[in-house]
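Beneath this line is the structure, given in structure tokens, with notes to follow.
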Amino acid sequence: MTNVQFRVLYREFLFRMIDLDMLSAQGSTSELFGKFASLLLFFSSTLAIGAFFLDTRRIPPERLLLINWRTEHFLIATTMLVVGLFAVLSWDSTFPDRRDVLVLAPLPIRARTLFLAKVAALAAALGITVGALNVGTGITWPMIFMPVGTGFPGLLRCYAAYWIAMFAAGSFIFCSLLVVQGLAAQLPRRRFLRLSAFLQMAGFCLLLCVYFLQPSLATPKALAAAQNHRLLACLPSYWFWGLFHSINRSAPGQPAIAFLMRRAWTAVAVAALGAGAAFLLSYFRTLRKIVEEPDIVPAARSLDWSPRFGNSLDTAVVLFSVRTLLRSRQHRVILAFYLGIGFALVIFLMNALLQEQERLGTSTGVLSHQVNVPLLASTAVMMSAWIVGIRIVFAMPLELRANWVFRVTAVRGTLAYLAASRRPLFVLAVAPVWVGSAALLFSIWPWRAVLQHLVVLGLWGTILAYLCLHGFQKIPFTCSYLPGKSPLTFVFLGVAAFLNLLIGGANLERRALDSPATYAAMVAVLAIAAICAGWRTMARAKSEESEVQFEESLTPTILVLGLNRDGVVPM
């Protein structure tokens, strides 16, 4: 009986890394996990192709060494980032919650079985994430990383070093986040719920900032420099990079490698012991807190004033959307994920463009008083990331079983509800980025150039908002979520093409700011595109087939014509 209980609980915990209450009746967790795994496989396959185009025979040994070291560190740091983001996004399902206690406590299930099933599910999720992310690179790149002249034994040792380093790096970052969450769970339940949202945001920002802002020290000169030893001791990605070289024996004569290897093993041991202690405390100490203390945190007193955003229906939908986003920790984390992608693209864009300016000898800085392309493109990138993130969280319900309130109070027509559901995207996405960009640019640029850019930015936000709202026939946060509809395997190609489009548009705008005729033509084209996008979105909402959706469903493979015999409609 215990083995059967373990298998059932293991499968339940593994597929409950997301909130099942938001899924549609036709939604499948296995399909959602399949999409997630396919995304990682696509990314791994893309990076693996680079090994086939690297001709090591035509590259000088010194340059080949730098390429290998930087690629090794990039793969290890990317693995740590992806595992850390996965741990942050599955924050609420890592430790037991109220549902676990109320459902499993009355059943004849040992605490040991519950504990082992949860640990096994987390280990499986970690293994799937690391394995899917490195399945392609772990086959091709070790053939490049192996030391010259070591033969087949050296190749086997390189494969072992690669996978040991990847799993050790992923285990360290995953267990470290578990330790932080487990220690916070020892606080009173209400304080933990308030602190948990802050810890998620802080962990998310810390992972992205360290990944994109850490200096490049994967060179023999930087590794041997005494002034970099303290920095190497503070960056975990270099610990496991040193672990890889220690096992692979590919960095002879570097005394820092042994120090980094010891640091890596110590970090993994401490993180694993801390995670085990946190889990034991959560299962044998905090379960009683979950039952005795409520999950609802009392709201602080505030002014009872609500601005108006049109008629009563428009105001109600906008205020409902704003307050839902402010109160729901899960939706804020998902939105932070997309905003983090936007910040990462901004950092990447600024670094690339500044390096290009330095190469050409025209470096003026990003925050200079001269209008420059990096900031023009950065505001457009953040506008795009904010709009897409808000649109994504709108499609995920807060409490699916409560949408009956909207169904029974539907006293107006479908067109009025769909028109009201479009307004929150402009209030929560377009307006904040536009105002923030205005506050930043007015402080550093001439006012005339800022006004011209704000016109372009507002039109771009309007176009993208209407494109994202095309086919969105829901009230925000009220419709069930159906996973697996988006082609995630093409997300990287789409992001790359979209980023190139924004960079080209920023360059065009920079030239147009110096030519009134070119700027007028650019604004006219954007205005026409915004009008067409809005007309296309509203025309679909006015069609006879449009209705407010509360349960998302798949498009049927076989369409029924409805030709019934003798005019009788079957029940």
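Position 1 is the first residue of the sequence; numbering continues from there.
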Between Tyr211 and Ser237, does any side-chain donor sit less than 3.5 Å from a side-chain acceptor? no
Qualifying residue, where the test is side-chain contact (heavy atoms from CB on, under 4.5 Å) with Asn68 and the options are Thr71, Leu64, Leu66: Leu64
Start with the C-alpha gap between Val4 and Arg7, add the side-chain angles, then the distance that decides, and say whether side-chain contact (heavy atoms from CB on, under 4.5 Å) holds. CA-CA 5 Å; Val4 176; Arg7 289 195 298 268; 3.5 Å; yes
Measure from the side-chain N and O atoms of Thr137 to the backbone N and O of Leu47, and report whether any donor-acceptor pair falls under 3.5 Å. no
Can you tell if the side chain of His245 reaches within under 4.5 Å of the side chain of Glu72, non-hydrogen atoms only? yes
Donor-acceptor pairs are to be reported for all side-chain atoms of residues 261-270 against protein atoms at under 3.5 Å, with residues two or more places apart or in another chain.
{"unit_1": "Arg263", "atom_1": "NE", "unit_2": "Ala233", "atom_2": "O", "d": "3.4"}
{"unit_1": "Arg263", "atom_1": "NH2", "unit_2": "Ala233", "atom_2": "O", "d": "3.1"}
{"unit_1": "Thr266", "atom_1": "OG1", "unit_2": "Arg262", "atom_2": "O", "d": "2.8"}

Note: Leu502 and Ala377 closest approach over all heavy atoms is O-CB, 4.4 Å
Pairwise side-chain contact, Leu375 with Ile444, heavy-atom cut-off 4.5 Å (strictly under): yes
Which of Trp241, Phe244, Phe74 passes ring-ring contact (aromatic ring centres under 6.0 Å, His included) with Trp69? It is Trp241
CD1 (Ile139) and OG (Ser44) are apart, to the nearest 0.5 Å, by 8.0 Å
Examine the side chains of Tyr162 and Asn134 and answer whether a donor and an acceptor come within less than 3.5 Å of each other. yes
Closest approach of Val179 and Ala271, non-hydrogen atoms and distance? CG2-O, 3.8 Å
Determine the minimum heavy-atom distance between Ala429 and Ile390, stating which atoms define it. CB-CG1, 3.9 Å
Among all residues two or more places apart in sequence or in another chain, which pass the ring-ring contact (aromatic ring centres under 6.0 Å, His included) test with Trp141? Phe145
Using side-chain heavy atoms (C-beta onward) and a distance below 4.5 Å, is Leu81 in contact with Leu208? yes
Test Val433 against Thr379 for side-chain contact (heavy atoms from CB on, under 4.5 Å), laying out the working first. CA-CA 8 Å; Val433 179; Thr379 54; 5.8 Å; no
Side chain proximity check, Leu235 to Pro215, heavy atoms < 4.5 angstrom: yes
With the side chain counted from C-beta on, respond yes when Met166 and Met80 share a heavy-atom pair under 4.5 Å apart, and no when they do not. no
For Val388 and Cys468, which heavy atoms make the closest approach, and how far apart are they? CG2-SG, 4.4 Å
Working to the nearest 0.5 Å, report the span between CG of Asn228 and CG of Leu217. 5.0 Å
So which heavy atom on Leu126 is nearest to which on Gly170, and how close? CD1-O, 3.8 Å
Is a donor on one side and an acceptor on the other found under 3.5 Å between the side chain of Thr129 and the backbone of Ala125? yes
To the nearest 0.5 Å, what is the distance between OG (Ser437) and CE (Met382)? 9.0 Å
dist Ile392:CD1 -> Leu335:CG (nearest 0.5 Å) comes out at 10.5 Å
Would you say that Gln181 contacts Leu199 through its side chain, given a criterion of any heavy-atom pair below 4.5 Å between the two side chains? no
Is there a side-chain contact between Leu376 and Arg510 in this structure, where contact means two heavy atoms from C-beta onward sitting under 4.5 Å apart? yes
Here the pair of heavy atoms bringing Trp460 nearest to Ser384 is NE1-OG, 3.2 Å
Just wondering, do Leu223 and Leu232 contact through their side chains at under 4.5 Å, heavy atoms? yes
Holding to ring-ring contact (aromatic ring centres under 6.0 Å, His included), I want the full list of residues that pass it with Phe172, two or more places apart in sequence or in another chain. Trp239, Phe240
Distance, nearest 0.5 Å, that separates CD1 of Ile257 from CD1 of Ile247: 11.5 Å
Roughly how far, to the nearest 0.5 Å, is CE of Met143 from SG of Cys158? 10.0 Å
